[in-house]
2 protein chains.
Amino acid sequence: MTNVSAGTLRRRPAQRRSVERVERMLDECARLLDEVGYDGLTTKEVARRAGVPIGTFYQFFPDKQGLVRALALRNLDAFLDRLTARLGSAEITDWTDAVDLAVDEFVAMKRTIPGFAIVDFGEILPSPGAPPLKGTNRLLDAALENNVIVADRLRALTIDLLGAPRGPGLDRALIVAVEAADAVLKLAFRAHPDGDPDLITECKKLVRRYLADHLPER
Amino acid sequence: MTNVSAGTLRRRPAQRRSVERVERMLDECARLLDEVGYDGLTTKEVARRAGVPIGTFYQFFPDKQGLVRALALRNLDAFLDRLTARLGSAEITDWTDAVDLAVDEFVAMKRTIPGFAIVDFGEILPSPGAPPLKGTNRLLDAALENNVIVADRLRALTIDLLGAPRGPGLDRALIVAVEAADAVLKLAFRAHPDGDPDLITECKKLVRRYLADHLPER
DNA sequence: CCGGCATATGAGTAGACCTCATGTTAAGCG
DNA sequence: CGCTTAACATGAGGTCTACTCATATGCCGG
């Protein structure tokens, strides 16, 4: 299971007080993202609101990107956990239902979880042990990187719950599907604060049509 | 036809020398993007390489984003012009061929045009007269905004050349298709410097499958 | 009570974006 | 041609942000 401290923190908080401080900083980061966006977010303000000196901020987070990455991973975990639970419990007879469920759950969290609407999966996140890859924009690289994590866990779900045929074809298809869905959902939330319903529908259609080649026929 | 000076420049260069200066700044911007990426690009360095004082830079470009936006629009124009030419001249009997052609042309330009590989359509570009929309990341907003422009021109092409049924359904479908394709192609170029061939194939499949509902059956 | 080690702190550094007062050139006009 | 006026060009410097590091503070075994 992914974890906030996996490659994003400079030092793992040991004492109870430190853990709470890191948690508070992440919470304030989420709220600030909703208020002023990534560009407007400053590490100083995050620290101030969390009641933490700036030096302590940098004890735990390597930089601004690391902070947002940590938040995104926390949100990502929450999303995948909830999705796993719902896929396991509900009566999913059809993989197309699973697609709808995943999209709906994602949309629901975008609406309700602070910081999720803006950051969601990727947007930020430089890869943890990434090659220095000059000539790139870290924001977008990160988005891609993160969707690979989602695809990984979705693959596990897909194989376990739906009995899909394992293999590189499926892996690639899932990554492509997540990437495409992510892009369309971003568009949906750009068009409408709660996500344009038509675009959400189109997102489901897009994914279902594409996956029809890679998954057993209902 | 879109134009670099459409909403991206602070003042349109009138004299011949000024036009050349703006052109040189855009060229250097492209080269620098390939070398150091968006995060590493500085307005100072662009100006220095173009042999232009920093003050003059800001006479023409409102800010760093404006510079990159102008470059992206220039590239976008080039892409759409070439696509229009190829769609008009070639023997396109089938809209699925048109999809392949568009993707191939895009990939070809990503490989060869400086600054295209990194910036391509969007990535940067805040909308020209955009609402101030707090709480967002300007980079990603811009990418979306720009793909709408692409979709607009693709729609014109689609209707004129392929006789597709006009309407909001098609508009939305094209925007979704461009958004999704853009995302998958970014992934393809992240995975491989010249674009992972498998992912490029998947991109075509994704778009074709999705559009099958919206365009007349070959 | 105390030495030594881990942790906490915030003034300070480096550097980026962008401005604006000043200098320079061109244009309009009698 | 000289004068007035406006447009354009310039780069030192203001402001702000990410991030550091020397110092202060607390913690703990002896």
Side-chain angles (χ1 to χ4, degrees), chain A residues 5 8-26 28-29 32-33 35-71 124-126 132 134 137-139 142, chain B residues 5 8-26 28-29 32-33 35-71 124-126 132 134 137-139 142:
Chain A
S5 65
T8 71
L9 295 186
R10 191 172 260 185
R11 201 155 36 86
R12 177 193 282 268
Q15 325 278 27
R16 177 198 197 98
R17 197 167 83 107
S18 303
V19 175
E20 282 169 6
R21 269 144 89 107
V22 167
E23 215 65 30
R24 270 212 310 281
M25 284 190 269
L26 288 175
E28 293 305 328
C29 173
L32 270 171
L33 280 170
E35 286 176 31
V36 299
Y38 180 79
D39 293 336
L41 180 126
T42 67
T43 56
K44 207 172 176 179
E45 181 64 9
V46 169
R48 197 193 62 77
R49 288 212 200 180
V52 161
I54 187 65
T56 298
F57 173 96
Y58 282 99
Q59 290 275 332
F60 294 102
F61 297 104
D63 52 23
K64 179 176 166 178
Q65 304 252 347
L67 167 71
V68 182
R69 174 176 170 77
L71 175 65
I124 304 306
L125 325 190
K134 67 173 183 176
N137 175 301
R138 287 156 77 201
L139 288 192
Chain B
S5 64
T8 69
L9 295 185
R10 191 173 261 187
R11 199 155 37 87
R12 176 194 283 268
Q15 327 277 26
R16 178 199 195 96
R17 198 167 83 106
S18 302
V19 175
E20 283 169 4
R21 270 145 90 103
V22 167
E23 216 65 30
R24 271 212 309 281
M25 284 191 271
L26 288 175
E28 294 305 328
C29 173
L32 270 171
L33 280 171
E35 286 176 30
V36 300
Y38 180 78
D39 293 336
L41 180 125
T42 68
T43 56
K44 208 172 176 178
E45 181 64 10
V46 170
R48 198 192 62 75
R49 288 212 199 180
V52 161
I54 187 66
T56 297
F57 173 95
Y58 282 100
Q59 289 273 335
F60 293 103
F61 297 104
D63 52 23
K64 179 176 166 178
Q65 305 252 346
L67 168 71
V68 181
R69 174 179 170 77
L71 175 65
I124 304 306
L125 323 193
K134 66 173 185 175
N137 175 300
R138 287 155 79 200
L139 287 192

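Quantities reported herein were computed from a predicted structural model and do not represent experimental measurements. First the proteins, then the strands, lettered A, B, ... as listed; each starts at 1.
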Engineer: Grab the two heavy atoms, one from A:Met25 and one from A:Ala50, that are nearest each other, plus how far apart they are.
Structural biologist: CG-CB, 3.7 Å

Engineer: Side-chain contact test, heavy atoms from C-beta onward, threshold under 4.5 Å: evaluate it for A:Asp63 versus A:Phe57 and give yes or no.
Structural biologist: no

Engineer: Using atom types as modelled, flag every donor-acceptor pair under 3.5 Å from a side chain in residues 40-47 of chain B to any protein atom, sequence neighbours excluded.
Structural biologist:
residue : atom : partner : partner atom : Å
B:Thr42 : OG1  : B:Glu45 : N            : 3.1
B:Thr43 : OG1  : B:Tyr58 : OH           : 3.3
B:Glu45 : OE1  : B:Arg48 : NE           : 3.1
B:Glu45 : OE2  : B:Arg48 : NH2          : 3.0
B:Glu45 : OE2  : B:Arg49 : NE           : 3.2

Engineer: Rounded to whole angstroms, how far apart are CD on B:Glu45 and C1' on D:dG11?
Structural biologist: 16 Å

Engineer: Is A:Arg21 close enough to C:dT7 that one of its side-chain N or O atoms is under 4.0 Å from OP1 or OP2 there?
Structural biologist: no

Engineer: Give B:Arg48 one of three labels, base, sugar-phosphate or nothing, depending on what nucleic acid heavy atoms sit under 4.0 Å from its own.
Structural biologist: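 Result for B:Arg48 = nothing.
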
Engineer: For nucleotides 12-18 of chain D, just jot down a letter per nucleotide in 5' to 3' order: B, S or -, based on protein non-hydrogen atoms under 4.0 Å.
Structural biologist: B----SS

Engineer: How close do A:Leu67 and A:Phe61 get, counting heavy atoms only, and between which atoms?
Structural biologist: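 Shortest heavy-atom separation between A:Leu67 and A:Phe61 comes out as CA-CD2, 3.7 Å.
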
Engineer: In this structure, how many angstroms lie between the C1' atom of C:dA21 and the CD atom of B:Gln59, rounded?
Structural biologist: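 After rounding, the reported distance stands at 13 Å.
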
Engineer: Measure CZ/A:Phe57 against C1'/D:dC21 and give the value in whole Å, please.
Structural biologist: 17 Å

Engineer: Five pairs at each end of the helix from C:dC1-D:dG30 to C:dG30-D:dC1: take the axis at both ends and give me the angle between them to 10°.
Structural biologist: 10°

Engineer: Going by salt bridge (Lys or Arg N to Asp or Glu O under 4.0 Å), name the pairs with one or both residues in residues 50-59 of chain B, residues two or more places apart or in two chains.
Structural biologist: none

Engineer: Do A:Tyr38 and A:Lys64 come within less than 4.5 Å of each other through their side chains, counting heavy atoms only?
Structural biologist: yes

Engineer: Taking atom CZ of A:Phe60 and atom CZ of A:Arg21, what is their separation to the nearest 0.5 Å?
Structural biologist: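 Output value for this atom pair is 7.0 Å.
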
Engineer: What integer distance in Å separates B:Phe60:CZ from C:dT19:C1'?
Structural biologist: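 Rounded to the whole Å, the gap is 17 Å.
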
Engineer: Can you tell me how far apart CD (B:Glu28) and CG (B:Leu26) are? Round to the nearest 0.5 Å.
Structural biologist: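 One finds 10.5 Å between CD of B:Glu28 and CG of B:Leu26.
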
Engineer: Return the nearest nucleotide to the side chain of A:Thr56; candidates are D:dA9, D:dG11, C:dA8.
Structural biologist: C:dA8

